Protein chains: 4
Amino acid sequence: MNDEQWLQELLKINDEEVKLSDKQAKILEAAIEMFAEKGYAATSTSEIAKRAGVAEGTIFRHYKTKKELLMAIVTPTIMKIAAPFLAKEFVKEVFESQYSSYEDFIRALMNNRYEFVKKYLPMIRIFWQETAFHSDIKEQIQTVFMENIYGKFKRVIDHFQQKGELADLPANTIIRMTITTIAGFLLTRFILLPNLQWDDEQEMERTIQMLMHGLKKEG
Amino acid sequence: MNDEQWLQELLKINDEEVKLSDKQAKILEAAIEMFAEKGYAATSTSEIAKRAGVAEGTIFRHYKTKKELLMAIVTPTIMKIAAPFLAKEFVKEVFESQYSSYEDFIRALMNNRYEFVKKYLPMIRIFWQETAFHSDIKEQIQTVFMENIYGKFKRVIDHFQQKGELADLPANTIIRMTITTIAGFLLTRFILLPNLQWDDEQEMERTIQMLMHGLKKEG
Amino acid sequence: MNDEQWLQELLKINDEEVKLSDKQAKILEAAIEMFAEKGYAATSTSEIAKRAGVAEGTIFRHYKTKKELLMAIVTPTIMKIAAPFLAKEFVKEVFESQYSSYEDFIRALMNNRYEFVKKYLPMIRIFWQETAFHSDIKEQIQTVFMENIYGKFKRVIDHFQQKGELADLPANTIIRMTITTIAGFLLTRFILLPNLQWDDEQEMERTIQMLMHGLKKEG
Amino acid sequence: MNDEQWLQELLKINDEEVKLSDKQAKILEAAIEMFAEKGYAATSTSEIAKRAGVAEGTIFRHYKTKKELLMAIVTPTIMKIAAPFLAKEFVKEVFESQYSSYEDFIRALMNNRYEFVKKYLPMIRIFWQETAFHSDIKEQIQTVFMENIYGKFKRVIDHFQQKGELADLPANTIIRMTITTIAGFLLTRFILLPNLQWDDEQEMERTIQMLMHGLKKEG
DNA sequence: GATGAATGAGAATTCATTCAT
DNA sequence: TATGAATGAATTCTCATTCAT
């Protein structure tokens, strides 16, 4: 996959084609890199233009303001973060496969998000950093979460609680613990302490085990 | 406790007295508030001056640069975050009390950090936000952690693993999971979703239970 | 010659074309005037902008720093000050013409520099003033002098000493006295006491005579 | 002579006692050093205070403004520069000693000013630099020159012209050439090229010879 | 007299944005 | 569509000066 393909892919939501001119792609790429490195507020549009190899004015031909450029990066990414739950097969499988378990579910989730974070690390970094300052980003996330993830996640939990596999905690608590634990691992792994020697597979499995023991119904 | 006492208290490390002039305290207070709200890079020194009710020049009389002002806020806070481990009694108790357990330890840790985050929320927010951009902050944290926390934390874990209370996971993994889980709860509670209806006591207890079940030695 | 031509001409070294945009020329003109009047340190970029009729930001688009603006004025001028020695004909004539004498040489030098100082007075003023504070300017002058002037000047002196026309003083001493005397006249005439009634031709001739009598070989 | 004595001496004009408090002397000393190094405009009062070891406010207790501090340095120095002509003996000797000649006069002048410049170099530097920007300094110099030096200098020249020792040039021209030549040597020696290897005595003698040959009446 | 905290105007420089080409 | 010169408001920081102690 060449340099621009990953961008095209990220920005393409639900198979809708996105046309990115050459310059536009370079601007986005440059902006993502710099926002991730220095933060939105500390990155100047002229730096972005320089790194993208375009004129300063060109950025504003495509994005009316600097903020709009940020949102152009952030909005499709929000959808992609929610992606597994948007895939019809993903949740269906959980219910339909007779062998499946909550453990399999979070293992699939963990693996899927691990690959995602690894691939789109700079974007994740932007998220982590800018969510705090831009309430509109935070709201978008919450909306997408509530509309596309929450309900499905809850059905999964209900299902496994009915099967007696999960402790009788409120679904919200289980959701929070699951997400917190997975996100906590990924943030530590890729952002907080990326330089440690990580045995990813083992550490992920341990994290899953911890979570499962923590959440399973006590016999 | 009046407005300035909490600041005085925060900046006081290890009982050393800190003399803060009236103006200086107001500058720090204003800076903490604004950095927390809008981020360091997006906050101008003139805004800080205005909110603090001082002339802009006054800020630079006390702090040579804007960055130095940030560090003046951040450095003592790092120590305070590490505080429970710096308190002699805290760790000692864990070993000496015959009734103690890892569960009691993390319960104490959770309660202690819960109060801390609640009290100094704006500072925590600054941390969460600026660590990403300022490698010197990150390094300070890592140094303090390695010098003051890691060893003690490890001894606690060794102790309870020998007592057969904790699973035979590497200490590092247990430390990471413990911190991630507690920090994950506190961040969700106070920063990500502060507007939800939280039954703090119950949720903390559940989080502790989840962690304990996840980490305890399987019989 | 209109207002901008003299600037274009000054900045053009050795026939290399210099493209100065309209605004850029106005900035340089304004800067030269103000630096000459008030000195570099006492002139603010906002004043320069105002006099040049451009926005303050425009200055910094063309010159990264105020210092760079100074150097853009000063560097080509240094070459121009050395100019007569850079002209092939100038020194050649001295040796080839059978009628030439050291007196003719310094007369040519005096006339040439007189016209130069008269024409570019503000720049000379800047030089006189700023050399003291900016060692880089001083070094540039010394380098240009050593590389382009000193050797040629010395050859002229050797030549006329061999012809028995000049006293047997060290060449360095003769160079210093010649330059000091000419420069001393020009500074007094144009900078220290420009308001006196000067009969330029007569005073120059007297200066030349004084110098020649002072330097000629005693019979 | 200790550190402060030279200052006391410089500031004392015509035997009038000057009372300089300890702090005041330190301020003047520091100001002289810094103005000489970086120029008046580029030196801040806080730097002066720091170098003088006094509080910022103390400077303004003694000198209402920064400019006044400059003038406090510059004004007595102007008198001292004119000093030899102020000494009754100096000019009288020229006329009364039967052995004296214009050469002896300029030799005395040269030696006297050589010692002065050597001793008070920083002050000379301030002069050289600030005269250009402060017309009041320039005016002071001209006034002192016209009132105290010019007439006496002219009498000296008239005297030696009548004795047939000096060429029949206008007195003004001879004065200018004499001063230019002496000042030119001293500036080159101490300010422009102080790092060269100078054989001061020889070079001064040569300068005097050059000047004398240049100015003497042709037989 | 001396201090040094405080000031606010002003310094150099940066920046998002516009617009004529 | 792309450019990049131009803008002027805003930013960080400095400075001469004041004034309460």
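What you are looking at is a predicted structure, and each value in this text was computed from that prediction instead of being measured. The figures here come from the full heavy-atom set of this structure, side chains too, leaving out hydrogens, waters and symmetry mates. Reminder, nothing fancy here: chain letters follow the sequence lines and each chain counts from 1.
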Looking at [X] and [Y], what are the two nearest heavy atoms and their distance?
{"X": "B:Lys26", "Y": "B:Ala52", "result": "O-CB, 3.5 Å"}
{"X": "B:Glu68", "Y": "B:Lys64", "result": "OE2-N, 2.9 Å"}
{"X": "B:Gly39", "Y": "B:Thr43", "result": "O-OG1, 2.6 Å"}
{"X": "A:Ile48", "Y": "A:Ile27", "result": "CG2-O, 4.0 Å"}
{"X": "C:Ala41", "Y": "D:Ala41", "result": "CB-CB, 3.7 Å"}
{"X": "A:Pro122", "Y": "A:Ile32", "result": "CB-CG2, 3.7 Å"}

Enumerate the protein-to-nucleotides 8-10 of chain F contacts in which both atoms are nitrogen or oxygen and the separation is below 3.5 Å.
none

Residue list, side-chain hydrogen bond (donor to acceptor under 3.5 Å, both in side chains) with B:Lys38, at least two apart or on another chain: B:Glu47

Contacts of C:Thr45 that satisfy side-chain hydrogen bond (donor to acceptor under 3.5 Å, both in side chains) - sequence neighbours left out: C:Glu56

With D:Arg51 via side-chain contact (heavy atoms from CB on, under 4.5 Å) - residues at least two apart: D:Ala30, D:Glu33, D:Met34, D:Glu37

Sequence-distant partners of C:Gln24, side-chain contact (heavy atoms from CB on, under 4.5 Å), two or more places apart: C:Leu20, C:Ser21, C:His62, C:Tyr63

Phosphate OP1/OP2 of F:dT11 contacted by B:Thr45 side-chain N/O (<4.0 Å): no

Qualifying residues under ring pair (Phe, Tyr, Trp, His ring centres under 6.0 Å), relative to B:Tyr40, sequence neighbours excluded: B:Phe35, B:His134

Proximity to DNA chain F (any heavy atom under 4.0 Å), residues of residues 59-71 of chain D only: D:Phe60, D:Thr65, D:Lys66

Along DNA chain E, first and last positions that approach a heavy atom of chain A under 4.0 Å: E:dC15 to E:dT18

Pairs flagged by salt bridge (Lys or Arg N to Asp or Glu O under 4.0 Å) wherever residues 121-138 of chain B is involved - sequence neighbours left out: B:Lys67-B:Asp136

Trace of the side-chain contact (heavy atoms from CB on, under 4.5 Å) decision for B:Met71 with B:Gln140: CA-CA 10 Å; B:Met71 297 315 278; B:Gln140 265 194 48; 3.4 Å; yes

Structure string for DNA chain F in dot-bracket form, Watson-Crick and G-U at under 3.5 Å, | interchain: .||||||||||||||||||||

DNA chain E contacts among residues 32-42 of chain B, heavy-atom distance under 4.0 Å: none

Separation of D:Ile141 CD1 from D:Ile137 CD1 (nearest 0.5 Å): 7.0 Å

Straight-line distance of B:Trp128 CH2 to B:Ile126 CD1, nearest 0.5 Å: 13.5 Å

